[in-house]
Amino acid sequence: MKQAKFRFTDADVNSIYYADRGLDKNQILELSTCQYMRNNFSIVLNGFTGSGKTFLACALGKAACRQLYRVRYIRMPELLELRTEATLQGKGIGKLVNKFSNYNLLILDEWLLQELSDDDVRFIFELTEKRYDCHSTLFCTQYKVSDWHTRLGGGTMADAILDRIVHKSIRIDTGSMNMREYFSTKEI
């Protein structure tokens with residue numbers, strides 16, 4: 001679990017707050033069995049800032065670790081920074097793509113939050129292509145899947161990336177309730 005580098009180390013499927021969020025507890029518990037990973041499905045967690053996407057992703061990631069799957073959590077800005085560093089240091093993008101394509105579950109937080117360069121989009125394509133139908137990816141995003149094509153720059157490359165993600169993914173809306181705000185008022 002330490003190697004997964006979870007943002008929330010205390011996250012657990014048994015500590016998820018379900019009331020008033022519209023989350024299906026049975027669905028989350030089913031996902032914690034990791035059957036979706038055995039079928040190479042991905043998960044898209046969509047919701048507003050503070051809606052608990054990252055906590056839920058870390059909880060599902062920990063459930064996968066408990067079943068001895070290799071998991072890695074990373075924020076997209078950090079992953080893209082690693083891509084830039086690999087390019088500048090001459091290590092090559094291929095090594096980085098291989099590293100992140102080998103995790104059984106890759107959790108990509110802040111998916112498509114920032115503007116992407118053409119090099120970023122090519123890197124994302126290579127990573128999604130390498131992971132497609134081999135491993136599961138969990139995407140935490142504020143954007144609906146219908147907005148992804150534009151966020152990925154449109155065109156053929158965006159089509160190819162989406163084709164490798166959306167057809168074998170489970171989509172969960174984490175709602176509009178701000179969990180940070182909710183729990184900060186509970187502690188007073």
Side-chain angles (χ1 to χ4, degrees), residues 1 3-9 11 28 31-32 34 36-37 39-65 69-87 93-153 157-174:
M1 284 192 210
Q3 292 175 347
K5 300 184 180 182
F6 292 121
R7 166 75 173 84
F8 294 110
T9 56
I28 302 302
L31 291 173
S32 72
C34 299
Y36 72 97
M37 291 177 63
N39 294 323
N40 301 315
F41 269 73
S42 292
I43 298 174
V44 176
L45 298 178
N46 173 258
F48 294 101
T49 298
S51 64
K53 299 179 297 290
T54 301
F55 188 90
L56 180 55
C58 290
L60 291 173
K62 282 178 74 174
C65 285
Y69 287 108
R70 290 186 63 233
V71 179
R72 177 66 193 273
Y73 166 91
I74 191 164
R75 294 171 52 249
M76 278 302 295
E78 293 169 354
L79 181 60
L80 295 176
E81 182 62 32
L82 289 175
R83 183 203 58 82
T84 300
E85 289 172 10
T87 302
I93 302 300
K95 187 174 179 180
L96 188 64
V97 168
N98 283 337
K99 175 182 176 178
F100 282 94
S101 64
N102 286 323
Y103 292 103
N104 300 107
L105 176 63
L106 178 62
I107 301 171
L108 296 176
D109 201 355
E110 298 178 8
W111 171 250
L112 302 180
L113 186 61
Q114 67 188 51
E115 295 292 321
L116 300 173
S117 69
D118 290 344
D119 288 339
D120 293 338
V121 173
R122 277 192 290 282
F123 172 72
I124 290 169
F125 169 75
E126 292 301 327
L127 184 59
T128 54
E129 166 59 26
K130 193 97 167 169
R131 294 186 61 77
Y132 176 69
D133 218 19
C134 298
H135 299 295
S136 297
T137 307
L138 196 156
F139 302 89
C140 298
T141 182
Q142 294 180 35
Y143 293 97
K144 295 186 184 302
V145 172
S146 59
D147 297 329
W148 289 12
H149 191 268
T150 302
R151 302 286 309 160
L152 287 164
M157 193 70 72
D159 289 340
I161 293 167
L162 289 173
D163 188 55
R164 286 159 177 79
I165 297 172
V166 300
H167 301 298
K168 285 189 77 175
S169 66
I170 299 161
R171 299 181 200 172
I172 299 172
D173 188 341
T174 58

Considering all heavy atoms of both residues, which atom of Ala160 and which atom of Phe125 are nearest to each other, and what is their separation?
CB-CE1, 3.6 Å
Give the C-alpha distance, both sets of side-chain angles, the deciding distance and a yes or no for side chain to side chain contact (heavy atoms under 4.5 Å, CB included) between Val71 and Phe6.
CA-CA 9 Å; Val71 179; Phe6 292 121; 3.9 Å; yes
Within the distance-only criterion (no hydrogens, no angle test), does the side chain of Arg72 pair as donor or acceptor with the backbone N or O of Tyr103 below 3.5 angstrom?
no
State, with a plain yes or no, whether a side-chain heavy atom of Val145 is found less than 4.5 Å away from one of Ile165.
no
Could you walk me through whether Val44 and Val166 pass the side chain to side chain contact (heavy atoms under 4.5 Å, CB included) test, one step at a time?
CA-CA 9 Å; Val44 176; Val166 300; over 6 Å; no
To the nearest 0.5 Å, what is the distance between CE (Met157) and OG1 (Thr128)?
9.5 Å
Just how far is it from atom CG of Leu138 to atom NZ of Lys53, taken to the nearest 0.5 Å?
12.0 Å
Closest non-hydrogen atom pair between Tyr73 and Cys58, with its separation
CD1-SG, 4.2 Å
Heavy-atom closest pair (Leu152 atom, Ala158 atom, distance to 0.1 Å) is CB-CB, 3.7 Å
With heavy-atom distances below 4.5 Å as the criterion, would you say the side chains of Ile124 and Leu79 are in contact?
no
Can you tell me how far CG of Leu96 sits from OG1 of Thr87, rounded to the nearest 0.5 angstrom?
8.5 Å
As a quick check of understanding, evaluate side chain to side chain contact (heavy atoms under 4.5 Å, CB included) for Ile107 and Arg7, giving each step before the final call.
CA-CA 10 Å; Ile107 301 171; Arg7 166 75 173 84; over 6 Å; no
Within this structure, what is the CD1-OH distance for the pair Ile43 and Tyr36, rounded to the nearest 0.5 Å?
4.0 Å
Does anything in residues 133-144 form a side-chain hydrogen bond (donor to acceptor under 3.5 Å, both in side chains)? List the pairs, not counting sequence neighbours.
Thr49-Gln142, Arg131-Thr137, Asp133-Lys168
Taking the side chain as every heavy atom from C-beta outward, state whether Ile74 and Leu108 have any atom pair closer than 4.5 Å.
yes
Measure the CZ-OG distance between Phe139 and Ser169 for me, rounded to the nearest 0.5 Å.
8.0 Å
With sequence neighbours excluded, residues passing salt bridge (charged side-chain N to carboxylate O under 4.0 Å, His left out) with Glu126:
none
Does CZ belonging to Phe48 count more than 12 external heavy atoms closer than 6.0 Å?
no
Heavy-atom side-chain proximity of Leu105 to Leu60 below 4.5 angstrom:
no
Out of Leu45, Asn46, Thr174, Leu113, which one pairs with Cys140 under the side chain to side chain contact (heavy atoms under 4.5 Å, CB included) rule?
Leu45
In Å, rounded to the nearest 0.5 Å, how long is the span from CD of Glu129 to SG of Cys134?
8.5 Å
Could you check if a side-chain atom of Tyr132 sits within less than 4.5 angstrom of a side-chain atom of Asp163, using non-hydrogen atoms only?
no
Which of parallel (below 30°), tilted (30 to 60°) and perpendicular (above 60°) describes Trp148 and Trp111?
perpendicular
Write down the atom of Leu127, the atom of Val97, and the distance for their closest heavy-atom approach.
CD1-O, 3.9 Å
Taking C-beta and beyond as the side chain, do Asn98 and Lys130 meet within less than 4.5 Å on heavy atoms?
yes
Applying side-chain hydrogen bond (donor to acceptor under 3.5 Å, both in side chains) as the test, list every pair that has at least one member in residues 115-125; sequence neighbours left out.
Arg83-Asp120, Ser117-Asp120, Asp119-Arg122
